[in-house]
Amino acid sequence: MTEQKNKNQELGATQENTYTPEDIEKNKTMAGLAYLLFFLPLIACPESRYAKFHANQALLLLITGIVGNVILGIIPVIGWMLMPIFGIGVLILGIMGLVNGFGGKAKQLPLIGKFTIIK
């Protein structure tokens with residue numbers, strides 16, 4: 001069990017370290033702007049792995065926000081009351097992504113960041 005945890009931690013550590021410092025420094029702005037328009041880094045710098053990572057995180061956030069609002073909108077009263085709380089949660093995740101993107105960090109967003117849509 002401990003060996004499996006160590007292997008998973010090593011894989012996570014190597015995944016964060018696969019981005020070159022030059023790539024991160026060159027594409028920080030695009031990575032941060034991905035949380036406003038997720039496809040912007042895919043158009044502006046399609047070769048950057050760092051920008052693609054943040055574009056993927058932003059797309060996951062967008063999908064989560066849309067699906068969550070639709071589901072909560074369908075549920076009468078309780079869903080409608082939870083919708084603002086959900087919106088604040090999505091806003092917080094978006095701000096975390098912006099800070100990570102502009103800051104040169106390749107951290108996954110909590111809860112939703114482990115999925116990969118854009119490779």
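Computed over heavy atoms, backbone and side chain alike; hydrogens, waters and symmetry mates excluded. These numbers come from a predicted model, not from an experiment.
- Residues M83 and L91 do not share a hydrophobic cluster, clusters being chains of Ile/Leu/Val/Met/Phe/Trp/Tyr side chains in contact below 4.5 Å.
- When hydrophobic clusters are built by joining Ile, Leu, Val, Met, Phe, Trp and Tyr residues whose side-chain heavy atoms come closer than 4.5 Å, directly or via intermediates, L93 is grouped together with I71.
- Residues F102 and L61 share a single hydrophobic cluster, defined by chaining ILVMFWY side chains whose heavy atoms lie under 4.5 Å apart.
- I88 is connected to I66 through a chain of hydrophobic side-chain contacts under 4.5 Å among Ile, Leu, Val, Met, Phe, Trp and Tyr, so both are in one cluster.
- Interatomic distance, L60 CG to F38 CZ, rounded to the nearest 0.5 Å: 10.5 Å.
- With a 4.5 Å cut-off on side-chain heavy atoms, K26 and C45 do not count as touching.
- In this structure T64 satisfies the side chain to side chain contact (heavy atoms under 4.5 Å, CB included) test together with F86, I112, sequence neighbours excluded.
- Taking a 6.0 Å sphere around CD of E47, one finds it holds more than 12 heavy atoms contributed by other residues, nucleotides or ligands.
- Between N56 atom CG and L109 atom CG the span is 9.5 Å, to the nearest 0.5 Å.
- The environment of NZ in K28 is crowded: more than 12 heavy-atom neighbours from other residues, nucleotides or ligands sit within 6.0 Å.
- Smallest separation of non-hydrogen atoms from N27 and A51: CB-CB, 4.3 Å.
- The closest side-chain heavy-atom distance from F39 to L59 is not below 4.5 Å.
- The distance from atom CG of L62 to atom CG of L37, rounded to the nearest 0.5 Å, is 10.0 Å.
- In this structure, I43 is a member of the same hydrophobic cluster as L36, with clusters built from ILVMFWY side-chain heavy atoms closer than 4.5 Å.
- Using the six-membered ring where Trp is involved, Y50 and Y19 have ring planes that are perpendicular, over 60° apart on the 30 and 60° scheme.
- A pairwise comparison of heavy atoms in M81 and I85 identifies O-CD1, 4.3 Å as the closest pair.
- Q57 contributes atom CD, which lies 10.0 Å from atom CD1 of I118 (distance to the nearest 0.5 angstrom).
- In this structure, V90 and N69 have side chains that are not in contact, with every pair of non-hydrogen atoms separated by 4.5 Å or more.
- Proximity of a side-chain donor or acceptor of K52 to a complementary backbone N or O of L42 within less than 3.5 Å is not detected.
- Q108 is listed as a side-chain neighbour of F53, based on a closest heavy-atom distance under 4.5 Å.
- Contact detail for P84 and W80: the closest heavy-atom pair is CD-O, 3.4 Å.
- With values rounded to the nearest 0.5 angstrom, H54 atom NE2 is found 8.0 Å from I24 atom CD1.
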